[in-house]
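Everything below concerns the one structure shown next.
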Amino acid sequence: MKSIITNGGGLDNLKIIKHPTVEPKLGEVLVRWRATSLNFHDYLVAIGGIPVPADRIPMSDGAGEIIATGEGVSEWQIGDKVMSLFFPNWIDGRPTVAKTKGISGETINGYITEQSCVSAASLTKIPNGYTFAEAATLPCAALTAWRGLVTEGNIKAGDKVLIEGTGGMSIFGLQIALAAGAQVFATTSSEAKAERLKAMGVTEVVNYKTDTRWGKTINKLTNGGVDHVLDVGGGSTMQQSIEAATIGGSIISIGILGDGRKGSITFPKLFFKHLKLTGIAVDSRLSQEAMIKAINLNGFKPVIDKSFEFDELASAFRYQETGQHFGKIVLEWS
Ligand SMILES: NC(=O)c1ccc[n+]([C@@H]2O[C@H](COP(=O)([O-])OP(=O)(O)OC[C@H]3O[C@@H](n4cnc5c(N)ncnc54)[C@H](OP(=O)(O)O)[C@@H]3O)[C@@H](O)[C@H]2O)c1
């Protein structure tokens with residue numbers, strides 16, 4: 001069987017390797033992985049932006065089927081369709097160091113591999129009627145948007161939500177917000193993508209490249225600001241996210257796009273607006289199960305922009321680098 005490994009040396013140094021299959025041990029299952037999806041996190045791993053141990057199998061998302069079960073496993077049967085967890089040891093409750101130190105595709109091996117043995121506890125079912133590629137879009141991007149709006153945000157029908165850009169996490173934010181009965185506002189750098197956002201139900205779209213004070217513009221368009229902001233740029237977007245939020249609103253700090261690892265904000269705006277600023281990194285298995293239950297009831301499907309084959313990981317990352325995508329990029333194989 002084959003896997004792809006990285007040493008963080010860039011897209012030209014992703015290597016396909018062949019190795020023998022392994023037997024599941026006590027409490028483990030053997031999964032035949034069939035799809036993965038690209039997240040900005042995976043791109044950072046591949047280009048060395050996040051250091052990883054030598055010969056790491058990247059990609060935090062996986063979906064596939066169980067082909068063997070180890071001793072002591074009663075919750076899964078051969079043939080069950082499953083998907084991975086971003087944090088395989090975070091089963092429920094609030095995050096702790098112990099629960100979050102195992103990170104798929106970073107501190108432990110990820111899922112651009114034909115088969116691997118994983119703990120039976122580190123999987124969930126896939127939503128009803130989902131393909132493997134569709135399921136592989138969910139564990140990182142969708143669960144992060146779910147946590148930001150549902151677990152932390154307690155979103156209600158009628159709330160106003162701002163999503164920033166049209167990457168995988170943001171488009172799930174849009175879909176989850178609409179499913180909750182919220183009104184959605186968005187930013188993008190592309191007029192064509194603005195039209196797609198409107199067709200999906202977004203009320204107003206602002207171009208963050210041509211309108212650098214887009215937060216103030218969103219605040220005006222919403223008559224006083226949005227209740228929830230999913231912030232994807234950190235230092236590059238946070239000041240405008242604060243401007244966009246309503247008094248008492250929630251800002252969820254999720255990403256660092258646009259060189260936003262560091263930055264500055266006007267603190268009085270934060271506290272005089274009584275804003276709640278929460279940093280999050282994905283969520284637990286219990287939350288993934290709750291999200292799957294909601295998807296099964298609501299029936300929404302991920303927006304998949306483009307699909308690549310197993311051997312095309314570098315090409316898929318190069319496509320992601322161009323920023324042309326709207327929603328998720330996946331790799332699927334048989
Ligand atoms: N904390 C977590 O648990 C977690 C989980 C998932 C993702 N993230 C983070 O969230 C961010 C998005 O991740 P992703 O996987 O969804 O990425 P992605 O699919 O690669 O999204 C990239 C899109 O973001 C938009 N964008 C780029 N620079 C921007 C900026 N300065 N301001 C606003 N939008 C910008 C662009 O949209 P347009 O083309 O429309 O302009 C671009 O197409 C990343 O920083 C990632 O690390 C964090």
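Whatever order the structure lists ligands and atoms in, that order sets their numbers, starting from 1.
Neither side chain, N109 nor S116, offers a donor N or O lying under 3.5 Å from an acceptor on the other.
Checked for salt-bridge contact, K293 and E289 miss the test: no charged N lies under 4.0 Å from a carboxylate O. Looking at R94 and E152, a side-chain N of the basic residue comes within less than 4.0 Å of a carboxylate O on the acidic one, giving a salt bridge. Salt bridge status for K301 with E134: present, with a side-chain N to carboxylate O gap under 4.0 Å.
Apart from W214 itself, the hydrophobic cluster it occupies contains L162, F185, V206, Y208, I218, L221, V226, V229, M238, I242, I251, I265, F267, L270, F271, F272, L275, L277, where clustering links Ile, Leu, Val, Met, Phe, Trp and Tyr at side-chain heavy-atom distances under 4.5 Å.
A perpendicular orientation is assigned to the rings of F310 and W333, their planes being inclined by more than 60° (bins at 30° and 60°).
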Present, as a list of atom pairs with distances to 0.1 Å, all nitrogen or oxygen contacts under 3.5 Å between ligand 1 and the protein.
unit_1, atom_1, unit_2, atom_2, d
ligand 1, 1 (N), I254, O, 3.0
ligand 1, 1 (N), I280, O, 2.9
ligand 1, 3 (O), T144, OG1, 3.4
ligand 1, 3 (O), V282, N, 2.8
ligand 1, 15 (O), F40, N, 3.1
ligand 1, 16 (O), G168, N, 3.1
ligand 1, 16 (O), M169, N, 2.9
ligand 1, 19 (O), G168, N, 3.0
ligand 1, 19 (O), H325, NE2, 3.0
ligand 1, 20 (O), Q320, NE2, 3.4
ligand 1, 20 (O), H325, NE2, 3.2
ligand 1, 26 (N), Y208, OH, 3.4
ligand 1, 37 (O), T166, N, 3.2
ligand 1, 39 (O), K193, NZ, 2.7
ligand 1, 40 (O), T166, N, 3.1
ligand 1, 40 (O), T166, OG1, 2.7
ligand 1, 40 (O), T188, OG1, 2.6
ligand 1, 41 (O), S189, N, 3.0
ligand 1, 41 (O), S189, OG, 2.7
ligand 1, 41 (O), Y208, OH, 2.6
ligand 1, 45 (O), I256, N, 3.1

